[in-house]
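Working notes for the structure below.
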Amino acid sequence: MTTARIIDLQLRLLDRQVIDTDGKFVCNVDDLELDVDEQGTPFVTAILVGPRALGPRFSGRLGRWVVAIATRLSEDRSTEPLRIDYRQVTEIGNVVKLARTKAELGVTPLEEWVDSRIIARIPGSGHAPE
Amino acid sequence: MIRHGRSIGVGLVTIALATSACVGPATTIAAYEGKARRAAQDALSAVNTALLGVRIHERGSLLENYFETMLSQTEDDISSVQNSFDSIQPPNSKSSDKLRDQLDNLLSDGVSGIAQLRISARREDGPALVQAATQLAPTAKDLSQFVESHGG
Amino acid sequence: MSKLLNLALGVLTAIGGFVDIGDLVTSGVVGSRFGLSLAWATILGVVGICLYAEMSGRVAAITGRGTFDLVRERLGPRAGLANLTASFFVTALTFAAEIGGVALSLELVTSVNYLLLVPWIGLVMWFVVWRVKFTYLENTFGILGLALLAFGVALWRLHPDWSNLLHQVVAPHKPGTESLQVYFYYAIALFGAAMTPYEVFFFSSGGVEEKWSKKDLAVERANVFVGFPLGGMLSLSIAAVASLVLLPAQIGVSNLSQVGLPIAVAGGKILLAFSLLGFVAATFGAALETGLSCGYSVAQYFGWQWGKFVSPRKAARFHLVVLLSLLFAVAAVLTTIDPVKLTEYSVVFSAVALPLTYFPILVIANDPDYMGENVNGRLTNALATVFLALVIIASVAAIPLMIWTKAGQ
C-alpha cells in the first residue's frame, strides 16, 4: 500500500496525457472516479476515459449528445465510461505513467477498431516511414 | 417584460422589411454607375493581362503552357465579369440603359477578343495571335476611357 | 549531420516553407492594387509569427508535448474544444486552399485543367503522408520552395527605384482609387496570411516529431528568427514585382497566372520555370503541413497517439483524421469554387481564429510548471501582449470588413 498523496486534481491530474509502460500515448485523463474512505476523505479510484467520461464535463446539450452517441456505438451499450484502475498509475508528472501496455489496458476501443477495419488494410501501415 | 420584448421584435422586423424593400434588386443610378465602373476596371485588367501576355510571349519570355493557361484563366475572369454585370437589374432610367449597352458592347468585345487569343495560342498560330492582339487593343483603350469618365 | 549543416538546413527550410498559397495570392493582389503601401501589414505579421512560433517551438522542446495537448491541459476541455473547433475549421479550409494552389500551379506547368489534377494530387499527398519520413518531407519541400527566390531575382532585374520602394514601405500612402475600408481589409488579410494558425502548431508538433530537446533551442530560434523574416521578404518581393509590372498596366491580380507574369517580364522562361517549381513546392509543402496539422490538433486534444514517428497502425485514429481531412479538402476544391477566392476566405478566417490559437500559447509559455526556467522573458511578454491585442483587433474587424467591402472589391 503506497502512501497517499494530496494533490490538486484539476491542476495535476485532470486532462493530462496518459502514457503506457512503453511510452506510447494512451489517452487523456477525461475524468476521475472518486471514492470516500472511512474518515470521509475522498480519494481517486480510477481514471475514466473516452467520450462517456468527457461528455458529462460539458454542460448542456453538447455533453448529453456526446454521451448518447458514445453509448450507442459502444459494445456494452452502457453509459459507464471506460476505466483504468488507479493502482495502474506509477507516476504523476508532466504526463501520467501507467504500469501496463496499451493493449493490456483495453481503453482505446476506437483506435483498435479503426486500426483493424481501416488502417491495417492499407498497405504499408505496419511500419514507420523510413 | 415579454410583451416589451415582442414589441421590439415587431419593430425590428418592420424596419428590416422596410429597408429590404428599399434595397431591392434595382439599384440607384449612382450605385449602378459605380458597379459599371468596377466591372469595366476588372475587364480592363483582364484585357491588359492578355495583351501583356501576348507581348512577352512574342519576345520569347513565356512558356507555352503558362501562356495558354493564362489566357484561358483570363478568359474565364472576363466572362464572369460580364455575367455578373449583365445580371444586375439596371435602374429605371435612360442613362442607365445607355450605360449598360455601352459597357456590354465593350465587355463582349473583350470576351471575344481574349477567346480569339486563346484559340490562336492553342493552335500556336503566331500571326493570328498578333492580329487578334491588334484587334483587342482598341477595346483596352475604350475600357480605360470608360473607367475614367465614370469616376475612375 | 554536422551542427552547422543542420542549422543551415533548418533556416533554408524555414525560408522556403514560409510562403504558401495565401501569401502568393494575397501579396500578388495587394501589390497589384496597393503597391507597397501595405508592406507594414506583412512586416507586422512576420514579427508576430516569429514571436509565437518561437514560443510554441520552445514549448515543444522543453515539454516534449504538442500545443493542443497542453492547451486542453492548461485551459480545460471546454476552452480546449473551442480552440480545437476553430483551429480545425480554419486549417481544413486552408488545406483545401493549398490543394487548390497545387492544382493551379500544376495547371500552369502542364496546361491540364486544374480540376482533373486534383484527385491525383490528393493521391500523391496521401502517399507522402503515409510513407515519407517527416524530416525528409520537411527538408525536401523547404529547399525546393527556395525556388521562389525567383521573385527576388525578378525584382532585382527590374531595376526598380529602390528609394521609391523603401519610401512606400516606411511612409505608406493609400492609393486614391481604393477606399479606406478595402485598405484595412487587405491589411488584415496580409496579417492573416503571415500568421496562419497551422504554422504554429505544425512547428510545435514538428518539434516533437523531430524529438527536440533543450539543446535544440538555439537551432529552433535560428530557424525562426532568421528563416521566417527572410521568408517574409519573399512575400514582400512578390508584392513588389506586382507593383512594378502589374500596377502600372492596370492589372489587378485575380488568378494565379498574373502573379507569375512579372517574373516572365523580368527574367524570361528560365526564371519563370524556377518560379513554377517554387509555386508547386511551396503549395504542396503547405498542403502537407495543413493536412498533418488537422490530424495533430484532433489527436493531441483527445490524447491519441499521433505522429509519423510511429507506424500508421499505432496511430490509427490520427491517420484516419488526416485521410478524412484530405478527402474533405479534395471535395471542396472539386466543387469548382474559384481556388483564388477559396484562398482569400481561408486567409481572412485565419485572421478571425488567431486569438483563440495564440492566447493559449502565451499562457503555456509563461507557465513555470511546464517551462521551468525557460518561461517568457519580460520583453517577449510585452511584445506578445501587444500582438495579442493586434490579433484581437484584426479578428474582430475581419468579418465586418469582409462583408462591407464584399471581400475586397
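So you know, we letter chains A, B, ... as the sequences are listed, proteins then strands, and number each from 1.
Here the shortest heavy-atom pairing between C/Ser111 and B/Arg122 reads OG-NH2, 4.2 Å.
Here the OG atom belonging to B/Ser72 is positioned 9.0 Å from the CG atom belonging to C/Asn255, to the nearest 0.5 angstrom. One finds the CG atom of C/Leu261 at 10.0 Å from the CZ atom of B/Phe67 (value rounded to the nearest 0.5 Å). We find the CE-CD distance between B/Met70 and C/Glu107 to be 12.5 Å, quoted to the nearest 0.5 Å.
Heavy-atom distances place both the backbone and the side chain of B/Thr74 under 4.5 Å from chain C. Heavy atoms of B/Leu63 lying under 4.5 Å from chain C belong to its backbone as well as its side chain. Residue C/Val265 touches chain B through both its backbone and its side chain, counting heavy-atom pairs closer than 4.5 Å. With a 4.5 angstrom heavy-atom cutoff, B/Leu52 touches chain C only via side-chain atoms.
B/Thr69 is not listed as a side-chain neighbour of C/Ser257, based on a closest heavy-atom distance of 4.5 Å or more. A heavy-atom distance below 4.5 Å is found between the side chains of C/Leu104 and B/Gln73.
Among the residues in residues 244-254 of chain C, those with a non-hydrogen atom closer than 4.5 angstrom to a non-hydrogen atom of chain B are C/Val245, C/Ala249, C/Gln250, C/Ile251, C/Gly252, C/Ser254. Residues of residues 267-280 of chain C that come within less than 4.5 angstrom of chain B, heavy atom to heavy atom, are C/Gly268, C/Lys269, C/Leu272, C/Ala273, C/Leu276 in numerical order.
With sequence neighbours excluded, the residues satisfying side-chain hydrogen bond (donor to acceptor under 3.5 Å, both in side chains) with B/Glu64 are B/His57. Legend: residues meeting salt bridge (Lys or Arg N to Asp or Glu O under 4.0 Å) with B/Arg118, ordered by chain and number and at least two apart, are B/Glu75.
Checked by atom type, the side-chain pair B/Thr49/C/Gln258 shows a donor-acceptor distance below 3.5 Å.
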